[in-house]
Amino acid sequence: MLDIKLIRKDPEAAKTALARRGDTSAIDKLLLLDAERRNIITQLEQNRMVKNAYSKKIAEQIREGLLKEAQLPEKEAIQAISQKIEAQEKEVEELNAQLDSLVLTIPNMPHNTVQSGGSSKTNKIVKEYLAIKQFSFNPLPHWEIGEYLKILDFPTATLLSGSNFPLYKGQGAKLERALYSFMLDLHVKEHGYQEISPPYMVKRECMLGTGQLPKMEGDMYLCEEDDLFLVPTAEVPLVNMHRGQTLDERVLPLNYVAYTPCFRREAGSYGKDTRGLIRIHQFDKVEMVKFTRPESSYEALEQMLGQSEEVLKRLGLPYRVLELCAEEISFASSKTYDIEVWAPGIKQWMEVASISNCEDFQARRANIRCKKAAGKGTFFPHTLNGSAVALARTYLAILETYQNADGTVTLPDVLVPYMGGVKVLQ
RNA sequence: GGAGAGGUGGCAGAGCGGACGAAUGCGACGGAUUGCUAAUCCGUUGUACUGGUUUAUGCCGGUACCGAGGGUUCGAAUCCCUCCCUCUCCGCCA
């Protein structure tokens, strides 16, 4: 949620920033509603002041014995004001509702270092790690490796849940577990995060707070009976852990990391990149979330990027880092880096991590504030989220990158302890 | 699913129609004092919205907020209704 005061103060700046990622017509509408609202509020509050003064006077006179309970002078006048107040309250309420629903549909403003424009071609490659691995044989796609090793079973998953769900078996299931255990340990032991295991279903307010709703409702799984959403990312429960709270500034920065499955309907995406583990309705992910002071959030973003990269470095996977352009960053984000790994079997770069600084956008929506340690007042902390990293695609990249000519897969060293000493999938 | 209890400031907890934005305690902050890992004393201590003013974090007003929404009343933390949430017990269940 954008700061209406900021927009009021400098509407052109807001429009210029938003124009870089899309439509700005909402801003004018917002200002119009805002002006109308404030105009009525001023009148309303003046009327209430008159009424309050009247009641106070009555109370005093009764106390001093000048008036009996039943006697009420100027009753008609005060009733007329009451009616006015009631009407104005309704108007304000309606304007508030309009303002709220409008402001919730406006995305965050891109940071000034973010490139303008759209399409994935505008994204800037800012870093590349390891050369793409060359094979002496034709590397297979992961679904063929998985089938041969009997560790991936898509037909059974389809039997259970329909298309685009994964089913891992035997060593394959263990590899999944090994991967997220390795990631969690890395972030907890070396990067200073607190491990959280949150609910996988959350209330509607949570989804509004982080910005998935109202725009993306169609992409979410909803349990209607209870109005609970399956989490599309652990970012939602992690950020919402402090929804509606006023934190002590001194607890910052807060660093949380969680493993959760992520549920996404991926509505309308059938037909594109849907084979194997590339795009599935349920995947595992380890996600980091940080709450920081506003002045240090961009420093934290770079740090978080490094922590995501570290996962891929230790797994020995070639990757590249993209700085997303204004139209490609997500709704709540001001600046986003994506990390893509190379999958040699399907010969594609695949997004496995997205690291974003949402500045105070989510904090405003979710009403998360910080009390200043010195002096009065509160401020909105900045929230950051970063994958560290998404499993299914990392998993497939491992199978494809480390496959051998005989169909076996030699696991990266860091995973061996987590696999109970198993070095090769065969 | 059944029965009961309860939701008040950072926390604990009083208030149960008018002097209540709310006692008291704890905590926090500022100060005084004391040489000993502290005690004592004094003071301060919410948030949001909004008008004015200022270069301004500011200052001066106003309004709202005691789980949420509605009702009664000149006046509601307090009375009435609806909803939500939490806790305890029972049932069911991994």
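In what follows, chains are A, B, ... by sequence order, proteins preceding strands, each numbered from 1. Side chains are part of it too, since the values below use all heavy atoms of this structure and drop only hydrogens, waters and symmetry mates.
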P gap between B:A5 and B:C79, integer Å: 15 Å

Spacing between A:I41 atom CD1 and B:G52 atom P, to the nearest angstrom: 13 Å

Can you see if the side chain of A:R48 gets near the phosphate of B:U50 - specifically, an N or O under 4.0 Å from OP1 or OP2? no

Could you tell me which nucleotide pairs with B:U33 by Watson-Crick or G-U wobble geometry, both distances under 3.5 Å, or answer none if nothing does? none

Candidate list A:T24, A:I7, A:D10, test side chain to side chain contact (heavy atoms under 4.5 Å, CB included), partner A:K15, passing option: A:T24

If you measure from the C1' atom in B:A77 to the same atom in B:C65, how many Å do you get, rounded? 11 Å

Using the P atom on both, measure B:G69 against B:C74 and round to a whole Å. 23 Å

Taking atom P in both B:G15 and B:G6, compute the distance separating them and give it to the nearest angstrom. 13 Å

Using a cut-off of 4.0 Å between protein heavy atoms and nucleotide atoms, how would you tag nucleotides 53-61 of chain B 5' to 3' with B, S and -? ---------

In whole Å, measure the gap between the P atoms of B:G43 and B:G51 for me. 37 Å

Between B:C92 and B:G9, how many Å separate the two P atoms, rounded to a whole number? 38 Å

So, OP1 or OP2 of B:G18: does either fall under 4.0 Å of a side-chain N or O from A:K56? no

Give one of base, sugar-phosphate or nothing for A:K371, where a contact means two heavy atoms less than 4.0 Å apart. nothing

Does B:U73 have a Watson-Crick or wobble partner in any strand here, with both distances under 3.5 angstrom, and which is it? none

Rounding to an integer number of angstrom, what distance separates B:U73 and B:A12 when you compare their P atoms? 36 Å

So which nucleotide from B:C74, B:G51, B:A48 ends up closest to the side chain of A:R38? B:G51

Looking at B:A48, I'd like to know if its phosphate oxygens (OP1 or OP2) sit under 4.0 Å from a side-chain N or O belonging to A:N367. no

Considering only the P atoms, how many Å lie between B:U44 and B:A23, rounded to the nearest integer? 12 Å

Phosphate contact (B:U63 OP1 or OP2) by A:N52 side-chain N/O below 4.0 Å: yes

Going by heavy atoms closer than 4.0 Å, what residues in residues 1-10 of chain A are next to RNA chain B? A:K5, A:R8

